[in-house]
Each structure stands twice: as C-alpha cells, then as structure tokens.
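Shown next, in structure tokens, is the structure this report addresses.
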Amino acid sequence: MAGRGRRLMAAVLAVALVAGCGAEAGPEPRPWHDGRIFLATGNTTGVYYQLGGGYADIISRHLPGYEARAEPTGASGENITRLVEGDMEIAFSLADTAADASAGRGAFAGQPQPVRALARVYSNYTHVIVRADAQFTGLAALRGKRVSTGSPKSGTDVIAARLLTAAGLDPERDVRRARLSLPETVARMRAGTLDAMFFSGGLPTPGIADMLSGAPGRFALLPIAELVESLNAEHGSVYTTAELPKDAYDTPNGTPTVTVANVILVNADMPDQLAYDLTRLLFTYQTDLAVAHPEARNFDRQSAASTDPIPLHPGAARYYQGG
C-alpha cells in the first residue's frame, strides 16, 4: 500500500478510536505510521539489503509497538523518492546522492528533498570490473564498450556517470550503456554480453563475490583512484580514495578506488523520539547487526553524526549529544 494510503488508514483508525471513547479518557497515542516501518535498501545481492534485513529485525524485536521490514529497491535515488513520498520510513543512500537531494541538484534539480540523516555509517567502494582478456588499462578504454552502470536512479548509476565523464567519456554516447540491477549485471557479465560493470558497495558485496569466485581469472578490478580530484572539483568533497583490499575477493592485488560514505535517512517529519530510538538501536545492537553483514562493524558512533551537508535529524542529534 502506498505511503499516503497507509497514513490515511492510520488516521481513520485513530479518529474511530477517539469517537468510540466518548467522554472517557482518550486512547494511548498510536505509533507513528501505525507502527509499520519499511526500510528501502537495494539490490537483493547487495550489502544494503543484508544490513536492512538485520536492522529491520532489531527494530521489530527491540522497539515496542513497531514492526519493520526491509524492501529490495533500486537503491539510493529510488530510496529517497520513496522515502519522501511516504512509501518508506527509512532509506539507505550514498552520501553524494543524498547531498544532491538535500540541496535540490542533480536528479533532484530545483526540488530540495526533506531528508534527514540518522547516521553516517560505512563507506562504499566503487567496483569497476572488466573482462580480464580485454586488458583495459583505464576507464577511457571503455569507449564503445558494453557497460552496466547499475540500477536506474541508483547511487551506482550516479557515480558511474560521473567517473566516465571524469575520464573524458560521454556516458550516453561514448559507451553502450545499460542500466541494470546487480543480479542482471552479474548474469550478463557471466554470459559475456557486457564488457564492464560498475557497482558501489560495501565489502564484500555478495553478488560480486559470487561472480569473481565462480570464474577465477576471468574478470579484473580496474583502478580508478586517480579520478578523485576531478570528481571533487566538479561535485564537492564527498569522494575519497582507498585500496579495495585483495582479501575482499581473493584477488592477486589490492585495487586503488574511489569511496563514498553511506548514510541512513528518514523524512524530516519523523517524530524526534522515534528518530532517537532508531539511532540508539543502531549502536546498542551493533554486534547483532554485524551478523547480518560485517560492514556493521565499521559503524563508528564518534563519526556517525558527521553527515554534513545532509542535515542530521534532531532526534538523532540528541542521541549523539548524550540526551
């Protein structure tokens, strides 16, 4: 059911309860959104989906009156749209896409979105994977090649276009671009109908791990860290670099790449107490969340509040301030 529909139903039920009580004391306030929390995650073989499932389980077990469920999506851009429309209550997003949404630029040009952050969590590593037999030496070599840039409106799709541009390529004209989910991309890489793929994800990303382990030596990770200065000059200082370690996917060497932080978002209209509680659960049950995916071990309470330029929700801010 659409977000507005669920809100309307909750409002009708609340009015009916009040009317039925007559002059008696009013009922206990109903939980926000009737106690149902939907988490917008990402592709089913990605880290967002695994972490979202773990977070939903923690919310359902430890937040009285609420039941949560993780939903697969096309990731960052779609997540923000569905969050603002009220179809989702929590959304995972790359920080660059979230910053665009908050400022009303990029895909959200002229329409700033009322998103607020609960936390900055782990960093995504940009995976550029190519056919090993093609011996590509850089992104410029992808001219004319078949390339998947990720699900439409995803954070991967955004950063892939920006990286191709930084390498001197027009993403729409200079490559044969396909906007595909991670499972679709992996299937086509295995079938040999793609020459290269982009994916921005935590380590390890399950779908990529399966692809690389299932075809040793057939694919290679392309180093792209040298493009970070061009990215930040054009889009602001949201990108950093790191080595994608060789033990992440059992590759011969580490791969210098571009990284970007992930944030957990809510709508600005979320009640402060609920935002406080949802933030508290992230860190109180961090060990449990790490069972869902090891990236949860990298959540750092000290840096989690550093979500600028995305505004921190006041409820989350109170948690970090020890309130």
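Note that this is a predicted model, so its numbers are computed, not measured.
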Taking the side chain as everything from C-beta on, heavy atoms only, tell me whether [X] gets closer than 4.5 Å to [Y].
X    : Y    : value
I59  : I90  : yes
T240 : V228 : no
L221 : T251 : yes
V263 : F92  : no
V115 : L83  : yes

Identify the heavy atoms of [X] and [Y] that sit nearest to each other, and give their distance.
X    : Y    : result
A56  : A68  : O-CB, 3.6 Å
T259 : A242 : CG2-CB, 3.8 Å
V158 : T97  : CG2-OG1, 4.1 Å
L265 : S93  : CD1-CB, 3.8 Å
G150 : D157 : O-OD1, 4.4 Å
S306 : R120 : O-CD, 3.2 Å

Can you tell me if [X] uses its side chain to pair, donor with acceptor, with the backbone of [Y] under 3.5 Å?
X    : Y    : answer
Q50  : V47  : no
S102 : A98  : no
D174 : R143 : no
T73  : A75  : yes
Y125 : T241 : no
N232 : Y239 : yes
S151 : S154 : no
N124 : V260 : no
H313 : G315 : yes
T41  : E71  : yes

Please round to the nearest 0.5 Å and tell me the distance separating atom [atom1] of [X] and atom [atom2] of [Y].
X    : Y    : atom1 : atom2 : answer
L312 : R116 : CG    : CZ    : 10.0 Å
L118 : I310 : CG    : CD1   : 11.5 Å
Y55  : I264 : OH    : CD1   : 5.5 Å
M197 : T185 : CE    : OG1   : 5.5 Å
I58  : L278 : CD1   : CG    : 11.5 Å
L182 : S148 : CG    : OG    : 8.5 Å

With a 4.0 Å cut-off, would you call [X] and [Y] a salt bridge?
X    : Y    : result
R36  : D34  : no
R82  : E78  : yes
D195 : K145 : no
D100 : R162 : yes
E172 : R179 : yes

hydrophobic_cluster_shared for L203 and F219, side chain cutoff 4.5 Å: yes
V128-L169 co-clustered via ILVMFWY side chain contacts under 4.5 Å: yes
Result of checking E89, R69, M270 against I37 for side-chain contact (heavy atoms from CB on, under 4.5 Å):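 Testing I37 for a side-chain contact (heavy atoms from CB on, under 4.5 Å) against E89, R69, M270 leaves exactly one candidate, E89.
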Flag for D277-Y66: side-chain donor and acceptor within less than 3.5 Å: no
Verdict with supporting geometry, L139 and L227, side chain to side chain contact (heavy atoms under 4.5 Å, CB included): CA-CA 10 Å; L139 286 189; L227 298 173; 3.6 Å; yes
Criterion ring-ring contact (aromatic ring centres under 6.0 Å, His included) on Y249 and H127, from CA distance to verdict: CA-CA 11 Å; Y249 301 107; H127 303 64; 5.4 Å; yes
Cation-pi check, R318 onto Y276 ring (under 6.0 Å, within 45° of axis):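 Because its charged atom sits under 6.0 Å from the ring centre and within 45° of the axis, R318 does stack over Y276.
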Ring-face cation of R301 near Y319 (centre distance under 6.0 Å, axis angle within 45°):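 Flagged: R301 positioned over aromatic ring of Y319.
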Parallel, tilted or perpendicular: ring planes of Y48 versus Y122, cut at 30 and 60 degrees: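 Taking Y122 first and then Y48, their aromatic rings stand perpendicular (interplane angle over 60°).
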